[in-house]
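Report on one structure; see the data block that follows.
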Amino acid sequence: MRYGVMTLMRKARLAAVVILFAAGGAVAEVRIVALGDSLTHGYGLPEEDGFVPRLEAWLHANGAPDAVVVNAGVSGDTTAGGLARLAWSLGPEGEADALIVELGGNDLLRAIDPAESRANLDSILTEAAARGLPVLLTGMRAPLNYGPDYKAAFDAIYPELAAAHDAIYDPFFLEGLVGSPELFQPDGIHPNAAGVERLVARFGPLALALIERTRGAE
């Protein structure tokens, strides 16, 4: 089933390209790498219902038929893990056009020092800048049970790094879902299919802005 869905998606993308060429317009694929953890990967969902496939479908339906979103999400990954596999995820120079970064939730679960999380994310954004890649950085929020100092230090990471690296900034990846248990799987952490749809409806315009920034950089 999973291969059938992906094949149909590729065929649909090819059909869109053919139609646009027939209409006299050239199409340049925009390849966005989504670097993240289980929230990006689509934990607990059929592949076609995960964040990345649904975001790509949303972009195709909302003015970006040339967008390809690459699932570089790994369940359980921390900011350190994301940094360690960044070069592999991006591929050779010129292969990726833009980067979405969704990391930090597992740092919170492990109570990792916010300074370490900041350094890892800073290195990811620095490498993206060295490759000339526009970035969309989406944040996480620390719970209060780690104490106010930890929360203040962690929550400040994302807006400050986004400003320092001129990244498009999304304050909280799960905005609009928290407090609605019907949008989550039984673990209360990962969105279900309905939750992903709501997430993508909010996140999609930010991804469109990322694509526009990518085209402006060409």
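For reference, positions follow the sequence shown, starting with 1. Values reported hereafter were calculated over all heavy atoms of this structure, with side chains retained and with hydrogens, waters and symmetry mates removed.
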Worksheet item: Can you tell me how far the CG atom of Asp49 sits from the CD atom of Glu197, to the nearest 0.5 Å?
Response: 7.5 Å
Worksheet item: Can you pull the ring-ring contact (aromatic ring centres under 6.0 Å, His included) pairs that have at least one residue in residues 99-152, sequence neighbours excluded?
Response: Tyr146-Tyr150
Item to complete: Before giving the answer on ring pair (Phe, Tyr, Trp, His ring centres under 6.0 Å), spell out for Phe203 and Phe51 the whole-Å C-alpha distance, their side-chain angles and the decisive distance to 0.1 Å.
Response: CA-CA 10 Å; Phe203 197 86; Phe51 170 71; 5.4 Å; yes
Response to the item:
Asp187 meets the side-chain contact (heavy atoms from CB on, under 4.5 Å) criterion, sequence neighbours left out, with Tyr43, Gln185, Ile189, His190
Worksheet item: Under a 4.0 Å N-O cut-off, is there an ion pair linking Arg85 with Asp77?
Response: yes
Got a list of side-chain donor-acceptor pairs under 3.5 Å for residues 135-145, not counting sequence neighbours?
unit_1: Thr138; atom_1: OG1; unit_2: Asp170; atom_2: OD2; d: 2.7
unit_1: Thr138; atom_1: OG1; unit_2: Phe173; atom_2: N; d: 3.4
unit_1: Arg141; atom_1: NH2; unit_2: Glu175; atom_2: OE1; d: 3.1

Worksheet item: Listed by chain and number, what are the salt bridge (charged side-chain N to carboxylate O under 4.0 Å, His left out) partners of Asp107, not counting sequence neighbours?
Response: none
Worksheet, complete the sentence: To the nearest 0.5 Å, atom CG of Leu39 lies from atom CG of Leu199 at 8.0 Å
Discussion item. Name the residue from Leu35, Leu206, Thr40, Leu210 that meets the side chain to side chain contact (heavy atoms under 4.5 Å, CB included) definition with Ile100.
Written reply: Leu210
Worksheet item: ring-ring contact (aromatic ring centres under 6.0 Å, His included): which pairs involve residues 107-129, sequence neighbours left out?
Response: none
Fill in: Candidates His60, Arg215, Arg31 - the one meeting side-chain hydrogen bond (donor to acceptor under 3.5 Å, both in side chains) with Asp66
Arg215
Discussion item. Going by the rule salt bridge (charged side-chain N to carboxylate O under 4.0 Å, His left out), which residues pair with Arg198 if we only count those two or more places apart in sequence or in a different chain?
Written reply: none
